[in-house]
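Beneath this line is the structure, given in structure tokens, with notes to follow.
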Amino acid sequence: MVDKVDTRAVSGILYGLYKALYGLVGENSAAVMRKAAPDILDQLGKLGVDFSCVDDVNKLSQKLGETAVNAGLCDNMAFSLNGNELTANITQCSFFDLTKRLKEEGIPPFGCPFAALTIAIAEKNLGKKARLKKLEPAGAPGDTMMVVELMDK
Amino acid sequence: MANLKNLINDFVKVEGINAAVVVGRDGFVIEGISNDGKLDVETLGAVISTGLGTSEVMGRELSVGALTQSMIEFDNGVLVMGTLGKESLLCLVCQPGANLGNVRLQMKKRSPDLASAL
């Protein structure tokens, strides 16, 4: 079980960090998230949010979805695998407004924590290479669709 | 991707070039080869991407236009980097004594083919 996250405070911190990062490395900021994600995963494990049991897409859906919902990061997270594309529909994403604000300032959604964790878990536990292909609003305001491309290593 | 692999393979046959890596701006290693096998190209993606990213931002802040090529000299090697279209980057790891004029020329000549193979 994870604690609820104060998403407003986190959004404020992330806003500043993402903006500064984008100001320093521009379009390539996404590489920082790729680099950070395995450490985030390890640290979450040490803090008791362990994803090591995730060894297939169904478990990824269940575990990451459950963790995100329990932490108050979204209302639901549902994955589906279609060929080599892993799609996640995130309902009422807590970072939706943050992403929207950054986009309005010309900053792409490179720092999505759901995408970073999905990619890190896919690469570490599922033995795949993974890359964010799409992240965009979908459905009701606050809902987001994320597509991660999976490739054999 | 097979064509991309061939093109990258051809790069490391150029005298003085030890490794060639194509990475996405997100640090994803699309293809890479090291001719002596000593370099783990998979670990380089994020470093190359952010390294070049800083130079691109510098260019933007100084109003000198878009980055086309970047070269960094170290004690034991030289990195020559450039963009491949909007989404990808190429990094060549060269020996200290490499003919950098030729390396840069080869990069300029071959980059369009690499970009279209992506």
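Reminder, nothing fancy here: chain letters follow the sequence lines and each chain counts from 1.
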Does A:Asp42 come within less than 4.0 Å of A:Lys124, counting only side-chain N to carboxylate O?
-> yes
Taking only Lys NZ, Arg NE, NH1 and NH2, and the carboxylate oxygens of Asp or Glu, determine whether A:Arg101 and A:Asp97 approach each other closer than 4.0 Å.
-> no
Looking only at non-hydrogen atoms, find the nearest pair between [X] and [Y] and report the distance.
X: A:Pro108; Y: A:Gly106; answer: CD-O, 3.6 Å
X: A:Pro38; Y: A:Ala120; answer: N-CB, 4.1 Å
X: A:Phe51; Y: A:Asn125; answer: O-ND2, 2.6 Å
X: A:Leu81; Y: A:Leu150; answer: CD1-CD1, 4.0 Å

Quick one: what part of A:Met33 sits under 4.5 Å from any heavy atom of chain B, side chain, backbone, both or neither?
-> neither
Are any of the side-chain heavy atoms of A:Asp56 and A:Lys59 separated by less than 4.5 Å?
-> yes
Can B:Met107 be reached from B:Leu4 by stepping across I, L, V, M, F, W or Y side chains whose heavy atoms are under 4.5 Å apart?
-> yes
A:Phe95 reachable from A:Val49 in the ILVMFWY side-chain graph, under 4.5 Å edges | yes
So which residues of residues 8-27 of chain B are in contact with chain A at a heavy-atom cut-off of under 4.5 Å?
-> B:Gly24, B:Arg25, B:Asp26, B:Gly27
Contact list (residues 57-96 of chain B to chain A, heavy-atom gap under 4.5 Å, by number) returns B:Val57, B:Arg60, B:Leu89
So how far is it from [X] [atom1] to [Y] [atom2], rounded to the nearest 0.5 Å?
X: A:Ser61; Y: A:Met77; atom1: OG; atom2: CE; answer: 8.0 Å
X: A:Asn89; Y: A:Phe79; atom1: CG; atom2: CZ; answer: 10.0 Å
X: A:Lys128; Y: A:Asn84; atom1: NZ; atom2: CG; answer: 8.5 Å
X: A:Asp50; Y: A:Leu44; atom1: CG; atom2: CG; answer: 9.5 Å
X: A:Leu41; Y: A:Ser52; atom1: CG; atom2: OG; answer: 9.0 Å
X: A:Glu149; Y: A:Ile119; atom1: CD; atom2: CD1; answer: 10.5 Å

Do any N or O atoms from the side chain of B:Asn99 and from the backbone of B:Asn102 form a donor-acceptor pair under 3.5 angstrom?
-> yes
Members of residues 10-32 of chain A whose heavy atoms come closer than 4.5 Å to chain B = A:Tyr22, A:Gly23, A:Leu24, A:Val25, A:Gly26, A:Glu27, A:Asn28, A:Ala30, A:Ala31, A:Val32
Could you please state which residues from residues 129-145 of chain A sit under 4.5 angstrom from chain B, measuring non-hydrogen atom to non-hydrogen atom, sorted by number, or 'none'?
-> A:Lys129, A:Ala130, A:Arg131
Flag yes if more than 12 heavy atoms outside A:Asp39 fall under 6.0 Å of its CG atom; otherwise flag no.
-> yes
